[in-house]
Amino acid sequence: MEKQNEVVLFGTWASGYCKRVEIALALKGIPYKYVEEDLTNKSESLLYHNPVHKKVPVLVHNGKSIAESLVILEYIDDCWKQAPKLLPEDPYLRAKLRFWANFYDQEFMASSLQIIMSRGEERERAIKDFSEVLKVFEDGVKKDFPAEFPCFDGKNLGFLDIVVGAVACNYEAFHEVVAVIFSPETNPTFWSWVTALKNHPLMKRMLPPHDKLVAKMTQKYFQSA
């Protein structure tokens, strides 16, 4: 088992969910040990620390396990009080950010998966459905945060920036392997947000290499296609 008083992250390099946690830890300047997991042969430590879902990411702090990326991000912000704060102090704004982060994971990510799993006309319908979900997300965040949207201000990464950026900033690999699902013409506001996130020095450093990710996605999604 892991030593006391140390932070350990179980993850996989290609997972946007895991990258969220890595970005938050780096942003806060928190030293940690990283354990790369092979999800086809899960370690006993991973199964011990996340017996319910048996997935990554899992953060272990002082021997205690925290699972699920959104929960981990909040734990990091609550446990390590130093700047920058990921979430605002205002309870209403915090609740709104949680709402849209959950929407992103439950609707945006699910719609992306439907595109991956479909072919032909079914894929065209899946892309159309995805576009509708993206518009709801885009319009909703703009409505709830009219002065801040995009939330990214060019310097500081916040909670929703990390949630979105760790996944969406890999769009070039997704477009190359699967399909083009958004563009500056169809989604200019979301595109500008993601572009700004991609140019952030920390995001640039933490995101997986494009070619390596393309190879991984091709293997994962189309090996048996």
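- A donor-acceptor contact shorter than 3.5 Å is absent between the side chain of D129 and the backbone of A126.
- Note: F182 and Y171 have tilted aromatic rings, judged against thresholds of 30 and 60 degrees for the angle between ring planes.
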Exercise for review: I would like to know whether Y32 and H61 meet side chain to side chain contact (heavy atoms under 4.5 Å, CB included); could you show each step before the answer?
Suggested key: CA-CA 9 Å; Y32 65 98; H61 181 215; over 6 Å; no
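- Using modelled atom types, no side-chain atom of R20 and backbone atom of I72 make a donor-acceptor pair closer than 3.5 Å.
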**Study point:** Evaluation steps, side chain to side chain contact (heavy atoms under 4.5 Å, CB included), between E176 and M217
**Key:** CA-CA 10 Å; E176 184 173 332; M217 291 172 69; over 6 Å; no
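- Between W193 and F190, the ring planes are perpendicular. Angles over 60° get that label, and only those under 30° would be called parallel.
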Pair up each side-chain donor or acceptor in residues 82-92 with any protein partner under 3.5 Å, not counting sequence neighbours, and list the distances.
from, atom 1, to, atom 2, distance (Å)
Q82, NE2, K28, O, 3.0
K85, NZ, D77, O, 3.0
D90, OD2, Y92, N, 3.0
D90, OD2, L93, N, 2.9

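- Atom CG of L59 sits about 10.5 Å away from atom NE2 of H49, to the nearest 0.5 Å.
- Checking side-chain atoms of N50 against main-chain N and O of L46 turns up no donor-acceptor pair under 3.5 Å.
- Here NZ of K33 is found 11.5 Å from CG of L9. Values are rounded to the nearest 0.5 Å.
- Distance check, rounded to the nearest 0.5 Å: CD of E107 to CD of E132 gives 12.0 Å.
- For M109, the CE atom counts as densely surrounded, since its 6.0 Å shell holds more than 12 non-hydrogen atoms of other residues, nucleotides or ligands.
- Classified by interplanar angle (parallel below 30°, tilted 30° to 60°, perpendicular above 60°), the ring pair Y104/F137 is tilted.
- R125 has no carboxylate O lying under 4.0 Å from a charged side-chain N of E122, or vice versa, which leaves the two without a salt bridge.
- Y34 pairs by the ring-ring contact (aromatic ring centres under 6.0 Å, His included) definition with nothing, not counting sequence neighbours.
- R94 meets the salt bridge (Lys or Arg N to Asp or Glu O under 4.0 Å) test with D78; sequence neighbours excluded.
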